[in-house]
Amino acid sequence: MSNRSWKRIILGFIFLAFSIFYTAIFYCQANFSQTMIFNIAHLKSLGNVFTSPINFDYWNHSGSQINLFSPWLTLLPGWILVSLNTFWGFGVYLTGITLLTFISAYFYMNKFSHDTFEALLFSVIYTCSFNRFNLIFHDQRLENYLVLIFLPMVYYGAYLFFKNKSWKTLVWGFALVIWTAPYVALGVALTLIPIYLLMVFTKRTHHWRYWGTLGLNSLIVFGMVTLGTIGFIGPLINQQWSKKIVQAPIKNFDYIEWFQQLHFSMAQMYMLMGIGILLALLVLLIFLKSRFSYKVLIIEIIPLTAALLIKWQVMGIDVSRLVLALQSILDLFLIIVVSRIIILIFQEFPSIFKLLLLTVTIAGSGWIVYHQADQIHTRQTFTASEKINYQRFVTNYHDEASNGQNQFLADNRKKDVSFYTKSNDYWIQYYNPVSVNLDLPVQNYSGYSIQLNNEQVAIKESRRKTISLQTQPGKNIIEIHTRYDWIGIVCLLLNLLGFILLSYLSLLNLRWKMKKVPENS
């Protein structure tokens, strides 16, 4: 077995062991919060996502449109696992997410820096960073730390893209980021746009051919990313166009307030200023000695840091989720720079010292994760999760039907009504000798097919923004069947076509590269 194969086996074992360790700490120390219940309920409700965005079995049968407003493609492996077993399935899923974060960070950093030691340092620090720890143990929103797998991919793709080498990695990375966390994708776009201006300062760009190729590739990237995400973006825009649903803002961490609460003395403040000046000089040294791509990262760190420190608004638009996304991007850039600083400091040291430093980094990162988790005062751990009824979990997430608590209103009066749900189908049986206006606790959606006693019936939207219809005297059997509307179906088919085309082009490019490799290389 070659040295390269042994290296892969050893790295794979280390990454897997650390991933299991990370998950074990999460299960023992993290609070089992409402957000975690939401995550699992979301995963479980994806069983019919290719048929309909609505699953009546979950969200207290409210017909929640969560899968129209929240991406679901990259969550499907989690659905498979938690469907088999909620407790162990989510554990395997979290372990897989951590393992893939390790692998993605190492793989793309190794391709970017061509330095195994730097790639390993970056992978360990990135996966065990304070930001990722906070997203998993405190914030706990699944997509916010799942997207960290794809950030190294999208920025390595941008590196190739601006060198006019390839646009496919950028397209794959950007599409996967959009299918995971759209606000992070918006943050990535905001960091890529300035690079067009910064590229003017490289010799490579001092020719019209570069800008012609870059312009053409930019159009290709825009078109392919749109085609690769239209299955989510299309139905989202279509529904938002008519509903005008607004998300509630989230509370961002206030770094300035946190710093003021530390109450440093004057001597400590001067010491911090001195350390800050030394770090600034060190970063300046890195800026001067590193290649252009590192210079771009250091320049981008400045506005990203300002965006986190300064409370800002854009024409009254809520940017709280964008600020959270920029925080993850800044974390990525800072860790790349820190890894680069370590490499430049220890580049003349012998290999045995670098191995020792790497061992200390891995052990230290594990201890820091354990120490951080130990500070959490757990109220309820994941061990009690089997007692949770995920189907009845109610959340006001992009809709108001869930607030009705499954209350049927007959002429605005509460009524006990028998009903049955299965996936994207909902059956209601109601008896009344007189005709009434029956308000169902089901969110209104354009993709419904509604029948009353086997006949199509007209519906209205109630004041609760739910389905309202006029019953017939006597027995009423109401059937609600939901599918994607024609816009959703077309968008999903186009998205599938986009993935097939992108896969074909990527495999074609890989096959061409393999043909160019000499037989005895």
Side-chain angles (χ1 to χ4, degrees), residues 41 45 47-70 234-246 389 391-490:
S45 68
N48 66 318
V49 72
F50 288 113
T51 305
S52 170
I54 309 297
N55 190 327
F56 289 121
D57 288 339
Y58 291 86
W59 317 115
N60 206 22
H61 319 294
S62 66
S64 174
Q65 301 174 31
I66 181 174
N67 293 327
L68 281 171
F69 292 93
S70 182
L236 169 66
I237 294 175
N238 178 48
Q239 196 70 0
Q240 182 70 0
W241 189 268
S242 59
K243 295 292 183 181
K244 305 293 188 299
I245 294 174
V246 179
N389 186 345
Q391 291 186 342
R392 291 187 60 82
F393 180 67
V394 179
T395 176
N396 185 7
Y397 189 82
H398 301 304
D399 64 63
E400 299 178 10
S402 56
N403 292 337
Q405 295 291 319
N406 238 32
Q407 293 177 355
F408 291 81
L409 303 180
D411 289 338
N412 294 322
R413 295 181 181 179
K414 295 180 185 177
K415 290 291 182 181
D416 292 329
V417 177
S418 60
F419 66 91
Y420 173 74
T421 65
K422 184 178 181 182
S423 190
N424 47 294
D425 299 312
Y426 197 120
W427 291 273
I428 301 164
Q429 185 171 310
Y430 174 71
Y431 178 82
N432 197 317
V434 297
S435 175
V436 297
N437 183 269
L438 188 62
D439 186 352
L440 313 178
V442 177
Q443 184 80 5
N444 192 17
Y445 168 60
S446 61
Y448 288 143
S449 171
I450 301 178
Q451 296 178 348
L452 175 61
N453 294 333
N454 293 323
E455 295 182 1
Q456 292 291 331
V457 63
I459 64 169
K460 297 183 295 183
E461 186 171 274
S462 70
R463 288 180 297 177
R464 297 191 301 173
K465 298 183 179 180
T466 55
I467 294 174
S468 176
L469 54 85
Q470 196 70 28
T471 65
Q472 298 173 0
K475 186 176 181 180
N476 293 267
I477 297 178
I478 303 168
E479 298 181 34
I480 306 175
H481 307 287
T482 175
R483 303 287 187 272
Y484 282 100
D485 56 19
W486 68 270
I487 293 178
I489 294 173
V490 170

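One is the number of the first residue; the rest follow in order along the sequence.
- Separation of atoms CG (L438) and OG (S468) is listed at 7.5 Å; rounding is to 0.5 Å.
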Residues 410-420, side-chain donor-acceptor partners within the protein, below 3.5 Å, at least two apart:
residue : atom : partner : partner atom : Å
D411    : OD1  : N437    : N            : 3.0
S418    : OG   : Q429    : O            : 3.4

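- The distance from atom CD1 of I66 to atom CG of N55, rounded to the nearest 0.5 Å, is 11.0 Å.
- No donor-acceptor pair closer than 3.5 Å links the side chain of N476 to the backbone N or O of Y431.
- At a threshold of 4.5 Å between non-hydrogen side-chain atoms, the residues Y430 and V436 count as touching.
- With sequence neighbours excluded, the residues satisfying side-chain hydrogen bond (donor to acceptor under 3.5 Å, both in side chains) with E479 are H481.
- Among residues at least two apart or in separate chains, there is no salt bridge (Lys or Arg N to Asp or Glu O under 4.0 Å) pair with a member in residues 446-455.
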Problem set entry | Stepwise side chain to side chain contact (heavy atoms under 4.5 Å, CB included) test for V442 and H61 | CA-CA 7 Å; V442 177; H61 319 294; over 6 Å; no

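- Within the structure, salt bridge (Lys or Arg N to Asp or Glu O under 4.0 Å) pairs that include any residue of residues 53-62 do not occur (at least two apart or interchain).
- Minimum heavy-atom separation, I478 to L452: CG1-CD1, 3.6 Å.
- To the nearest 0.5 Å, atom CG of residue N48 and atom CD1 of residue I54 are 9.0 Å apart.
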Problem set entry | Worked check of side chain to side chain contact (heavy atoms under 4.5 Å, CB included) between F408 and I428 | CA-CA 10 Å; F408 291 81; I428 301 164; 3.9 Å; yes

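- How far CD1 of I467 is from CD of Q443: 9.0 Å, rounded to the nearest 0.5 Å.
- Residue pairs meeting the salt bridge (Lys or Arg N to Asp or Glu O under 4.0 Å) criterion with at least one partner in residues 429-447, sequence neighbours excluded, are D439-R464.
- For S435, the side-chain hydrogen bond (donor to acceptor under 3.5 Å, both in side chains) partners are Q470, not counting sequence neighbours.
- With N238 contributing its side chain and G234 its backbone, the two residues share no donor-acceptor pair below 3.5 Å.
- In this structure, G488 and P235 approach most closely via the heavy-atom pair CA-CG, 3.9 Å.
- Listed by chain and residue number, nothing satisfies the side-chain hydrogen bond (donor to acceptor under 3.5 Å, both in side chains) test with Y484 (two or more places apart in sequence, or in another chain).
- In this structure a side-chain-to-backbone donor-acceptor pair under 3.5 Å is missing from Q451 to I477.
- For the pair P441 and T466, the minimum side-chain heavy-atom distance is 4.5 Å or more.
- To the nearest 0.5 Å, atoms NZ (K475) and CG (N432) are separated by 14.5 Å.
- Distance CG/N444 to CD1/I450: 7.0 Å, rounded to 0.5 Å.
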Problem set entry | Full working for side chain to side chain contact (heavy atoms under 4.5 Å, CB included) between L440 and Y426 | CA-CA 11 Å; L440 313 178; Y426 197 120; over 6 Å; no

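- A search for side-chain hydrogen bond (donor to acceptor under 3.5 Å, both in side chains) contacts involving T482 returns S52, not counting sequence neighbours.
- Shown here are the salt bridge (Lys or Arg N to Asp or Glu O under 4.0 Å) partners of D425, two or more places apart in sequence or in another chain: R483.
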